[in-house]
Amino acid sequence: MDRGLIQAIPILLLAVILLIAAISDFRTRKIPNRLTFPTAAVGIIYHTCVSGWKGLLFSTAGVVAGLALLMVFYLMGGMGAGDVKLMGAVGGLLGPEGVLAAFVGTALIGGIYAVGLLAVHGDLPDMVRRYGIMLKTFFFTHRMVYIPPENRESRPVLCYGLAIAIGTLLSVFIRVI
């Protein structure tokens, strides 16, 4: 089989999986285990078949790295478990370096997405005011004090699966060219 095709298979699979995950997250606010677990397993099996033990270690390290990169945010309540498992699945297909690049791309896209969502819902001025006060407080007291939003119920919901999909595909595209 052509070497280029062998390298393209996980990328094509990843693109399909990310599209499904983004749509699912947008519609239901969930990324199902029946999508993430098999994807991680396919990544491990694929890389093991192509590169033997080296592929097994490559893919397994990617899964672990992907899970680890988002675990802190999940534990702090900033995202759902499906987001974490999706990044683990990304790691299974892209390996540790690929998932790190995907994480950086995702963080950038996620930040832009969050600011845009706040702007569309009219919450951006309040956020800028609160974080300005927090920064000023830190500057004068050297203590970090968090000021929560006044109306937590009306906060827009960020579908991070969408950010993972766009950020990951962007990182793959940049690495390919």
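On a predicted model such as this, the values are computed, not experimentally measured, just so you know.
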Practice task
Following the transitive rule for hydrophobic clusters with a side-chain heavy-atom cut-off under 4.5 Å over Ile, Leu, Val, Met, Phe, Trp and Tyr, establish whether Ile174 and Leu100 coincide in one cluster.
Solution key: yes

Practice task
Hey, could you give me the CZ/CG distance between Phe140 and Leu135, rounded to the nearest 0.5 Å?
Solution key: 10.0 Å

Exercise for the section: Kindly compute the distance separating OH (Tyr160) from CD1 (Ile109), expressed to the nearest 0.5 Å. Expected result: 9.5 Å

Practice task
State whether the side chain of Ser24 and the backbone N or O of Ile20 hold a donor-acceptor pair below 3.5 Å, judged by distance alone.
Solution key: no

Exercise for the section: Kindly say whether Ala89 contributes a backbone atom to a donor-acceptor pair with the side chain of Thr39 at under 3.5 angstrom? Expected result: no

Practice task
May I ask whether Leu86 and Leu75 are part of the same hydrophobic cluster, defined by side-chain heavy atoms of I, L, V, M, F, W, Y residues being less than 4.5 angstrom apart, directly or through others?
Solution key: yes

Problem - Validation row: Leu70, Ile164 side chains within 4.5 angstrom (heavy atoms) - result: yes

Problem - Check: Leu67 and Met87 side chains under 4.5 Å, non-hydrogen atoms - result: no

Problem - Nearest heavy atoms of Ala102 and Ser171, plus distance in Å - result: CA-OG, 3.3 Å

Exercise for the section: Evaluate whether atom CE of Met144 has more than 12 neighbouring non-hydrogen atoms of other residues, nucleotides or ligands under 6.0 angstrom away. Expected result: yes

Practice task
For the pair Arg130 and Asp126, find out whether any cationic side-chain nitrogen is under 4.0 Å from an anionic carboxylate oxygen.
Solution key: yes

Problem - Met127 side chain reached by Leu124 side chain, heavy atoms, under 4.5 Å - result: yes

Problem - Check: His47 side chain, Leu93 main-chain N or O, donor-acceptor pair, under 3.5 Å - result: yes

Exercise for the section: Supply the atom-to-atom distance Leu19 CG to Leu169 CG, rounded to the nearest 0.5 angstrom. Expected result: 9.0 Å

Handout entry: Point-to-point distance, once rounded to the nearest 0.5 Å, from CZ of Arg143 to CE of Met134
Key = 15.5 Å

Problem - Test item: Tyr74 and Asp83 side chains (from C-beta on) under 4.5 Å apart, heavy atoms - result: no

Exercise for the section: Taking the side chain as every heavy atom from C-beta outward, state whether Asn33 and Lys85 have any atom pair closer than 4.5 Å. Expected result: yes

Handout entry: Shared hydrophobic cluster, Val16 / Ile166 (ILVMFWY, side-chain heavy atoms < 4.5 Å)
Key = yes

Exercise for the section: Indicate yes or no: at least one non-hydrogen side-chain atom of Phe73 is less than 4.5 angstrom from one of Val84. Expected result: no

Handout entry: Single-linkage hydrophobic cluster Ile11~Ile45, side-chain heavy atoms < 4.5 angstrom
Key = no

Practice task
Examine distances only and state if a side-chain atom of Asp25 and a backbone atom of Gly161 form a donor-acceptor pair shorter than 3.5 Å.
Solution key: yes

Practice task
Examine distances only and state if a side-chain atom of Ser59 and a backbone atom of Gly55 form a donor-acceptor pair shorter than 3.5 Å.
Solution key: no

Practice task
Search all heavy atoms of Cys159 against all heavy atoms of Phe26 and return the closest pair with its distance.
Solution key: SG-CA, 3.8 Å

Practice task
Give the minimum heavy-atom separation between Thr141 and Thr137, together with the two atoms involved.
Solution key: OG1-O, 2.6 Å

Practice task
Quick one: closest heavy-atom pair of Tyr113 and Val157, and the distance?
Solution key: OH-O, 4.4 Å

Exercise for the section: Decide yes or no for Phe58 and Pro96: does some side-chain heavy atom of the first lie under 4.5 Å from some side-chain heavy atom of the second? Expected result: yes

Problem - Non-hydrogen atoms of Val99 and Gly66 that approach each other most closely - result: CG2-CA, 3.7 Å

Practice task
Determine whether Tyr146 and Tyr131 make a side-chain contact, defined as any pair of heavy atoms from C-beta on separated by less than 4.5 Å.
Solution key: yes

Exercise for the section: Indicate if Leu162 and Leu117 have the same hydrophobic cluster label, given that clusters are the connected sets of ILVMFWY residues with side-chain heavy-atom separations under 4.5 angstrom. Expected result: yes

